[in-house]
Amino acid sequence: MSKQCLRNFNIPTVRLQTIVATVIIALLLYGTMFLNIDVFVEDKIISKWYALITGALGCLLTLIFQNNRKLSVDLFSFLLLLFIGYILLRGVLSNMVTIKMLLFLSFVFIYFFFKVNNISRQNVAVIIVFVCLVQAIYGILQYYMIVYTPNTFKVVGSFDNPAGFAASLVVGLPFSLSFKSSKVLKCLRLLASGVIIAAVVLSESRAGILAIILSSAIYLFSKNKNIVRYKFRYSIIGIITMLIMGVLLFFYKKNSALGRILIWENSIEMISDKPMVGHGSGSFLSKYMIYQANNFEYNPDSLLSKLADNVSHPFNEYLFLTVEYGVIGLLILVLALILIIRSTKRVSPEILSLLSVAIFSCFSYPFRYAFVMVIVAYCLSDIKTDKQFYCNLKSNLNYTLLALYILCSTLLIKDIRFEIQWGKLVKRPIYIADHTFIGKMRVLYDQWNGNPYFLYNYGALLNSLKRYNESNTTFTECIMYLNDYDVQLLLADCYLQKKEFEQAEECLILASNMCPNRFIPLYQLVHLYDKIGEKEKAYEFAKKITHKTIKVPSFKIQCIINEMKEYVDKGI
């Protein structure tokens, strides 16, 4: 067969590969933005994670069977692999949850998928903007109560809270700027941008509003060629502007902002204890509340105590990274960011999207959301440093990639099965904790996938059934992965029922220090001290309750205060 015939034969194959790649991208973006399968316990989060991992495995599969695969590897790609590799290594050493490990690997698969495939960025931009526009309209309809949402927040879209909604729209907004300048597309671009910006504003996400303001300012200034020439100077100006805007937005929701400052202080304290390599994967959930309790124990009169609550993230991705993976992890990230700035030749939509994520990450947790991870992987694939090394993916590498695909698919299926079975049990229409139900939960406990909230759920169930020894064992295991106010309160109840009063006292004091504004731990301490004959302590805590400031008024709290007033009036 002649070379010309081979060339003609190859054209349909290339087109087919392009069509397959485009379909994968569309499904990936749609799934990570909208997929909610209510059989899962955390349906609005974990459904989208599974969509990301499934889509990433599809990306890996196309890489395995794709012809003429030429991969460009530069210094940035090396730093990215080093960063992910370091996190995975630390994760293995600290028992990283399976799904979290799959998410990091998926990020790498998607990144190289975009690196290898020469897909029209204009087409990808259209898909991104369309998906974001639909999400924005959904949120606006919620705001005007045309679409019902059972969430306590007014605007959440298809997410669990406004942070995910705003983060996803903010990273997608810059791509509306990449449309060609025909009149129709220009009108569509302005319309889409306006709707998306309006939706973010209505969500009242301060991080989202700040990200839009700064990225829009950079876009407007980008027409001045000096912005690229003096990009480090403009970076400093941008940081100063962000700080000023941050201060202004601080007073918009002052109490919320003060609460975050408290969390940042405690997070820095965690970093100071293990600065280089961090506390390990999942350590924030298991250790942060202990640091918060210690803070209030040594500062009982802190004005921030009334703002304390359970905390699962420091509302800052850079702090979170440093807490869990140390200065080493942060340093690799900073080097990658510097490389991005140095390699930037123009202010592209990809750069603006990355800038939006960088800003949002200072005040929230955008990487909790799968759509953001996909967009970031896509944007990073466009980064090219000066020195490029091209390598062909040899066919004998297919076996290694196929083995990796099979391994990841097996882990994914196993994790999905666990979450589905757990979700079906806890979301039954009629909750009946019979022997069959407990038996099924016990089977899941033996097959535990690393989700700490399952341990909490199972321990609470055992406690409600008065199986205190088993509940105590479960919660003792749970605090290794999740240790907060609710866990300590239930653990204290287990000890109380087992008449192990000393351990119960420790748990109640710890719970009270974790969230000093709560009444229940102090109330239970009064009854504990009264029961064991320590009347002076009981009187002291009862008096403390009567003078305690109420954060959220309720009938239950008022009953507790009235009961404690009667206790104090009786005297010792």
Side-chain angles (χ1 to χ4, degrees), residues 152 253-263 265-266 288-311 456 459-460 463-466 468 471-472 475 479 483-572:
T152 54
K253 290 183 180 178
K254 188 176 178 180
N255 285 342
S256 174
L258 286 172
R260 295 192 183 192
I261 290 173
L262 166 68
I263 296 168
E265 287 178 357
N266 293 327
Y288 170 80
M289 291 300 290
I290 300 296
Y291 280 82
Q292 182 164 291
N294 292 338
N295 185 334
F296 288 127
E297 183 181 1
Y298 293 111
N299 301 283
D301 299 322
S302 173
L303 296 176
L304 298 176
S305 62
K306 64 180 180 180
L307 303 173
D309 204 344
N310 280 332
V311 178
Y456 173 80
N463 178 271
S464 67
L465 296 174
K466 300 181 180 181
Y468 299 114
S471 179
N472 185 287
F475 280 123
I479 61 175
N483 192 4
D484 61 12
Y485 169 86
D486 297 316
V487 172
Q488 288 297 325
L489 211 58
L490 283 169
L491 190 56
D493 185 63
C494 290
Y495 284 125
L496 283 171
Q497 301 300 331
K498 293 168 63 181
K499 302 190 184 304
E500 297 178 8
F501 299 122
E502 187 175 342
Q503 291 90 332
E505 179 189 15
E506 291 177 2
C507 291
L508 290 171
I509 291 174
L510 180 56
S512 180
N513 287 332
M514 284 178 172
C515 299
N517 50 54
R518 304 291 180 89
F519 282 76
I520 300 299
L522 298 179
Y523 176 72
Q524 291 190 358
L525 279 168
V526 171
H527 285 279
L528 171 62
Y529 291 136
D530 185 75
K531 188 173 185 177
I532 62 178
E534 296 190 25
K535 301 293 184 179
E536 291 184 3
K537 281 188 177 182
Y539 180 81
E540 178 186 341
F541 277 92
K543 195 172 182 182
K544 188 175 179 179
I545 289 174
T546 60
H547 293 90
K548 192 173 181 61
T549 304
I550 301 175
K551 181 181 178 181
V552 181
S554 69
F555 177 73
K556 184 176 182 179
I557 296 300
Q558 195 56 54
C559 289
I560 289 174
I561 292 173
N562 293 338
E563 183 183 336
M564 291 299 100
K565 283 181 179 178
E566 292 179 5
Y567 190 92
V568 170
D569 291 341
K570 290 180 182 178
I572 302 176

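The chain is numbered in sequence order, starting from 1.
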Pairwise distance CD1(Ile550) to CD1(Ile557) - rounded to 0.5 angstrom: 7.0 Å
Between Tyr529 and Glu505, do the side chains contain a donor N or O and an acceptor N or O under 3.5 Å apart? yes
Taking the side chain as every heavy atom from C-beta outward, state whether Tyr567 and Asp530 have any pair of such atoms under 4.5 Å apart. yes
Is there a side-chain contact between Lys306 and Pro516, using heavy atoms and a 4.5 Å cut-off? no
For Ser305, is there any backbone N or O sitting under 3.5 Å from a side-chain donor or acceptor partner on Asn517? yes
What is the minimum heavy-atom distance between Ile560 and Tyr523, and which atoms define it? CG2-CD1, 3.6 Å
Given the ring of Phe519, does Lys548 sit roughly above its face, with NZ or CZ under 6.0 Å from the centre of the six-membered ring and within 45° of the axis? yes
Non-hydrogen atoms of Cys515 and Tyr485 that approach each other most closely: SG-CB, 3.9 Å
Are the side chain of Asn472 and the backbone of Tyr468 linked by a donor-acceptor contact shorter than 3.5 Å? no
Separation of Leu491 CG from Asp486 CG (nearest 0.5 Å): 12.5 Å
With a 4.5 Å limit on heavy-atom distance, are the side chains of Leu522 and Val526 in contact? no
Backbone of Val487 reached by a side-chain donor or acceptor of Asp484 within 3.5 Å: yes
Rounded distance (nearest 0.5 Å) linking atom OG of Ser471 with atom CG of Asp493: 8.0 Å
Side-chain donor/acceptor of Gln292 to backbone N/O of Met514, under 3.5 Å: yes
Ion pair present between Asp309 and Arg518, side-chain N to carboxylate O less than 4.0 angstrom? yes
State, to 0.1 Å, how close Met289 and Val311 come at their nearest heavy-atom pair, and which atoms those are. SD-N, 3.5 Å
Is atom NZ of Lys544 surrounded by more than 12 heavy atoms (other residues, nucleotides or ligands) closer than 6.0 Å? no
Least distance between heavy atoms, Leu496 atom then Leu528 atom: CD2-CD1, 3.7 Å
Under 4.5 Å between any side-chain heavy atoms of Glu500 and Gln503, yes or no? yes
So how far is it from Lys565 NZ to Lys570 NZ, rounded to the nearest 0.5 Å? 15.5 Å
Using 0.5 Å steps for rounding, measure from the CG atom of Asn295 to the CG atom of Leu304. 8.0 Å
Which value, rounded to the nearest 0.5 Å, describes the distance between Asn299 atom CG and Leu262 atom CG? 10.0 Å
Minimum side-chain heavy-atom gap Val568-Ile545 below 4.5 Å: no
Counting C-beta onward and ignoring hydrogens, is there a side-chain heavy-atom pair between Pro521 and Ile509 closer than 4.5 Å? no
For Asn463 and Gly459, indicate whether the former's side chain and the latter's backbone hold a donor-acceptor pair under 3.5 Å. no
Is it the case that atom NZ in Lys556 sees more than 12 heavy atoms from other parts of the structure closer than 6.0 Å? no
Using distance alone, with no hydrogens and no angle criterion, decide if Asn483 and Tyr288 have a side-chain donor and acceptor under 3.5 Å apart. no
Is there side-chain contact between Glu502 and Glu506, with at least one heavy-atom pair below 4.5 Å? yes
Sub-6.0 Å ring centroid separation between Tyr495 and Phe501: no
Does a side chain donor of either Asn513 or Asn294 reach within less than 3.5 Å of an acceptor in the other side chain? no
Flag the pair Tyr539 / Lys543 as yes when at least one side-chain heavy-atom distance between them is below 4.5 Å, and no otherwise. yes
